[in-house]
Protein chains: 2
Amino acid sequence: MAPRTDVAARSALTRRRVLQAAVDLADREGLPALTMRRLAQDLDVEAMSLYHHVANKEAVLDGVVEVVVGEIVGAVAGVGPDAAVDWRGALRARILTARRVLLRHPWAPAVIETRTAMNAEVIGYFDGLLGILRAGGFSYDLAHHAMHALGSRALGFTRELFAPADPETGGEEAMAMLEQLADVYPHLAGMLADTAHRDDGVLGWCDDQAEFEFALDLLLDGLDRRLARG
Amino acid sequence: MAPRTDVAARSALTRRRVLQAAVDLADREGLPALTMRRLAQDLDVEAMSLYHHVANKEAVLDGVVEVVVGEIVGAVAGVGPDAAVDWRGALRARILTARRVLLRHPWAPAVIETRTAMNAEVIGYFDGLLGILRAGGFSYDLAHHAMHALGSRALGFTRELFAPADPETGGEEAMAMLEQLADVYPHLAGMLADTAHRDDGVLGWCDDQAEFEFALDLLLDGLDRRLARG
DNA sequence: CGGGCCTCCTTACGCTGTACGGGTCGCTCC
DNA sequence: GGAGCGACCCGTACAGCGTAAGGAGGCCCG
C-alpha cells in the first residue's frame, strides 16, 4: 500500500479538531452516529488514533459540551441591556441567545444532562449569569436559589417530557385516542377540544418558543418579587 | 441436561413480571446494569425469552416508566386538600408526593427524559393535574401553559446540570479551584465564600429538597398571579 | 390422537468502546 | 551524523451490547 503521501496535510489532528468534528458529526447525523469509529472516519484516521487526543468517549462528550457552551459564551457577549440598569432584561436576553445557539445543536441538551462535571466554559457562563444577578442587587443566597430554579433554562433549553414522536402521524393518533377516552381523561380531552377550535388544529398546538418564554418570564417575575421583598 | 423440573413454578414469566424485575434491577444496581441479558438472568431465563413479552429494549424502558408512574399515581391518590378549595395546596402536595416516589428510583428521571411517547399511566397523571388546575379556576389555555412551565417538575423531579460527581472529593477540588481562580470567576468565588461561612462548609451547600420547593413555589406564585390577573 | 401454538432456548451477527503491541516519523543530544 | 526517544498512528482483538433466525418442548383444541 502506498506510504502516507503527505503527513503534514492531515496531521493537524488535535483535540480541538476532534471535538469540532464530533460536533459537526452530531449536527449532521444525530447523536447516535457519534461513535468513535465514525468520528475517526470523518477525520480520515483510525479509531484508536483518537485516543491520543482524548482519554475516552466520555472525554469526547465533555469536549463537545465545552465547544457548544463556548459557542454560547461567544454569542452572548455584549448582547442585552446593562445589568446594573435592567438585570431582568440582561438575563432574559442572554438566556434567549443561548437558546438560539442550542437550537442549532438539537442533540446537545441530551448530552449536557448526562455530564457530571463542569468545564471552564460552563463555569464562565454561570459566573456571568451570577454577575448579572449581583449587579441587579441579588444577595448571593437569592442568586444561588435563582440559578437552581432556572436549572437547564439558564443554558437555554428545557427538555420536554414525552417529546413529539414525529411531526405528522404522532399528533393525530394521540388526538383520536383522547377523543375516544374522553370519559377517562376528561380534562385532557377538554383542553384538546378547547385548543382545537382556537388555532390551526392538530398538535402544532405547542409553540416551543412561546412556552419557553412563558415559563422564563414566570420565573423572572417570581425572582423580581423575591428581590423586592428583600 | 436435566429436563425442566417444574414449568408452572417459573413460567409466571409475564410482561408485568419482566417490567417489575427491570425496576428492581435498576433500583439495586443502577441503570447501566439494566441489560437484556442481566434482566433475563434475574428472571432465571435466557435473554431471548424476554422478547416474547416485550418487543425490544425500548419497550422495556417504556414499561419501567409505566410502572414507576403507576407507583406515583397510587401514591398521590387522596393526598392533599380539595382542589376546588385550594388548588395550589393540592398541586403542591401531589407534586411533592411524586417527588418522594421518584427519590426511591433515582435512575428514573433519566429514563423518563428519553421517552418519546406517553403511556396510559402518564396521561392519567397529567389529566389529574389538569383537573386540579381546572377546579382552581384555570382556563384551558393557562393550564396548558402551566403544565409546560412546570415541565418535569410536574412529575416530581428536576435534573440538575452537572450533578455531584461523588459526595466527598468532588466538592473539595471544585472549591479549591474556584478559590485559585477568584479573579477569573469573581461571582462564583464570592458566592462560595459567602455560603461557606454560613452553614457547615463544603458542598453540602445545595439542599436539593429546599431548592426544589423554592423553584416550585416560585412557579406556583407566578401562576397564581396570572390566574388572578384573568 | 394429532396438529398447531405459545414459550423458551441456542446460535450467531453486527455493532459498540477500548486494551495491547508494534511501526514510523521527526526532534534532540552526544 | 547517527542513535535514541517520544509523539503519533495503525492493526488486531476482546468483551459486552441488542436482537434476528430457527429449533425444541409442553399445552390446548379439534
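Chain A is the first sequence line, chain B the second, and so forth, proteins listed ahead of strands; every chain is numbered from 1.
Rounded to whole Å, atom C1' of dT7(C) lies 14 Å from atom CZ of Arg17(B). Taking atom CG on Leu34(A) and atom P on dC15(C), their separation rounds to 17 Å, with Å as the unit. Rounding to whole angstrom units, OH of residue Tyr51(A) and P of dT16(C) are separated by 11 Å. For the pair Leu39(B) CG and dG18(D) C1', the computed distance is 13 Å after rounding to whole Å. Rounded to a whole Å, the CZ atom of Arg37(B) is 16 Å from the P atom of dC15(C). What separates CD of Glu46(A) from P of dT12(D) is a distance of 10 Å, to the nearest Å. One atom, NE2 of His52(A), and another, P of dC9(D), lie 7 Å apart when rounded to the nearest Å. One atom, CD of Gln41(B), and another, P of dC9(C), lie 13 Å apart when rounded to the nearest Å.
Phosphate proximity of dA7(D) to His53(A): absent, as no side-chain N or O sits under 4.0 Å from OP1 or OP2. Distances shown here put a side-chain N or O of Thr35(B) below 4.0 Å from the OP1 or OP2 atom of dC17(D). For dC9(C), one of the phosphate oxygens OP1 or OP2 lies less than 4.0 angstrom from a side-chain nitrogen or oxygen of Ser49(B).
Applying the ring pair (Phe, Tyr, Trp, His ring centres under 6.0 Å) test to pairs two or more places apart or on separate chains, those with a residue in residues 92-132 of chain B are His105(B)-Trp107(B). Residues in residues 19-39 of chain A take part in no ring pair (Phe, Tyr, Trp, His ring centres under 6.0 Å) pair, two or more places apart or across chains.
Ion pairing of Asp62(A) with Arg115(A) is present here, as a side-chain N (NZ or NE/NH1/NH2) and a carboxylate O approach within less than 4.0 Å. One finds no salt bridge joining Asp42(A) and Arg37(A) here, because no Lys/Arg side-chain nitrogen approaches an Asp/Glu carboxylate oxygen to under 4.0 Å. Taking a cutoff of 4.0 Å between a charged side-chain nitrogen and a carboxylate oxygen, Glu213(A) and Arg99(A) do not qualify as a salt bridge.
Residues from residues 57-67 of chain A that place a heavy atom under 4.0 Å from any atom of DNA chain D: there are none.
You'll find that the side chain of Met48(B) is closest to dT11(C), out of dC10(D), dT11(C), dG17(C). The side chain of Met36(A) approaches dT18(C) more closely than any other nucleotide in the set dT18(C), dC8(C), dG18(D).
Partners of Arg15(A) by salt bridge (charged side-chain N to carboxylate O under 4.0 Å, His left out), not counting sequence neighbours, listed by chain and number: Glu66(A). Legend: residues meeting ring-ring contact (aromatic ring centres under 6.0 Å, His included) with His187(B), ordered by chain and number and at least two apart, are absent.
In this structure, the side chain of Asp127(B) engages the main chain of Leu188(A) through a donor-acceptor pair within 3.5 Å.
Between Leu39(B) and Val45(B), the closest side-chain pair of non-hydrogen atoms is not below 4.5 Å.
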Could you run down the sub-3.5 Å N/O contacts of the protein with nucleotides 3-5 of chain C?
none

